[in-house]
Amino acid sequence: QVQLVESGGGLVQPGGSLRLSCAASGFTFSQYAMSWYRQAPGKEREWVALSAYGSTNYADSVKGRTTISRDNTRDILYLEMNDLKPEDTGVYYCHARGPTYVMNESRMTYWGQGTQVFVSS
């Protein structure tokens with residue numbers, strides 16, 4: 001059974017930092033492209049960051065203050081965010097797609113349940 005379990009959310013003051021974690025199980029973590037998405041109140045879910053093929057990529061809104069990383073020995077994905085802003089408020093979701101060695105249309109997609117981040121003074 002595939003599971004993606006996020007943790008680390010909470011209330012943070014503007015300018016603060018946090019680290020989110022996503023514990024994965026039920027699939028071969030190292031063979032999947034892993035991403036973070038977020039959804040602000042009243043808005044659509046948006047992509048935040050990607051870790052795949054040994055490289056990373058970030059949305060412009062978080063670039064320069066965000067780091068996505070993964071531990072393929074422990075099957076955990078991380079998202080570290082600094083200089084948090086009120087517009088970073090939302091539910092943060094872990095996303096897995098793969099395995100990356102199969103054709104795109106044959107890849108599986110999994111979502112976690114999300115962890116809430118609230119940036120406010």
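Along the sequence shown, the residues carry numbers beginning at 1. Below, all heavy atoms of this structure are taken into account, side chains as well, without hydrogens, waters or symmetry copies.
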For this session: Name the orientation class of the two ring planes belonging to Trp111 and Tyr93 (parallel below 30°, tilted from 30 to 60°, perpendicular beyond 60°).
Result: perpendicular
For this session: Heavy atoms only: give me the nearest Ala49-Leu79 pair and the separation to one decimal.
Result: CB-CD1, 4.1 Å
Exercise. To the nearest 0.5 Å, what is the distance between CD (Glu46) and CD (Gln39)?
Worked result: 9.5 Å
Problem set entry | Option from Gln113, His95, Met34 for which side chain to side chain contact (heavy atoms under 4.5 Å, CB included) with Leu4 holds | Met34
Exercise. Side chains of Ile68 and Tyr58: does their closest heavy-atom pair fall under 4.5 Å?
Worked result: yes
Exercise. Can you get from Val12 to Met81 by hopping between Ile, Leu, Val, Met, Phe, Trp and Tyr side chains that sit under 4.5 Å apart?
Worked result: yes
Exercise. Any donor-acceptor pair under 3.5 Å linking the side chain of Trp47 with the backbone of Arg38?
Worked result: no
For this session: Answer yes if Tyr78 and Tyr110 sit in the same cluster of Ile, Leu, Val, Met, Phe, Trp and Tyr residues linked by side chain heavy atoms under 4.5 Å apart, and no otherwise.
Result: no
For this session: Calculate, to the nearest 0.5 Å, the distance between atoms CG and OG belonging to Leu77 and Ser21 respectively.
Result: 8.5 Å
Exercise. Between Thr66 and Lys63, is there a donor-acceptor pair closer than 3.5 Å when you use the side chain of the first and the backbone of the second?
Worked result: no
For this session: Measure across Phe27 and Ala96 and return the closest heavy-atom pair with its distance rounded to 0.1 Å.
Result: CZ-CB, 3.8 Å
Exercise. To the nearest 0.5 Å, what is the distance between CZ (Arg107) and OG1 (Thr100)?
Worked result: 6.0 Å
For this session: Calculate, to the nearest 0.5 Å, the distance between atoms OG and CG belonging to Ser17 and Asn82 respectively.
Result: 3.5 Å
Exercise. Quick one: OG on Ser35 to CZ on Arg97, what's the gap to the nearest 0.5 Å?
Worked result: 10.5 Å
Exercise. Given side chains that start at C-beta, do those of Leu11 and Ser120 come closer than 4.5 Å, heavy atoms only?
Worked result: yes
Exercise. Should Met108 and Val102 count as side-chain neighbours, where that means a heavy-atom distance under 4.5 Å?
Worked result: no
Exercise. Hey, does the Lys NZ or Arg CZ of Arg70 hover above the aromatic six-ring of Phe29, less than 6.0 Å from the centre and inside 45° of the axis?
Worked result: yes
Exercise. So with a 6.0 Å cut-off around NZ of Lys43, is the heavy-atom count from everything else above 12?
Worked result: no
Problem set entry | Path from Leu18 to Ile76 over hydrophobic side-chain contacts below 4.5 Å | no
Exercise. If you count the non-hydrogen atoms of other residues, nucleotides and ligands that lie under 6.0 Å from CD in Gln1, is the total more than 12?
Worked result: no
Problem set entry | Heavy-atom side-chain contact between Leu50 and Thr56 under 4.5 Å | no
Problem set entry | Electrostatic pair Asp88:Lys85 at N-O distance under 4.0 angstrom | no
Exercise. Does Glu6 reach the main-chain N or O of Cys94 with its side chain, forming a donor-acceptor pair under 3.5 Å?
Worked result: yes
Exercise. Is there a donor-acceptor contact under 3.5 Å linking the side chains of Tyr37 and Arg45?
Worked result: no
Exercise. So how far is it from Leu20 CG to Thr115 OG1, rounded to the nearest 0.5 Å?
Worked result: 6.0 Å
For this session: Show the numbers, then the answer: is there a side-chain contact (heavy atoms from CB on, under 4.5 Å) between Glu87 and Val119?
Result: CA-CA 8 Å; Glu87 52 263 40; Val119 183; over 6 Å; no
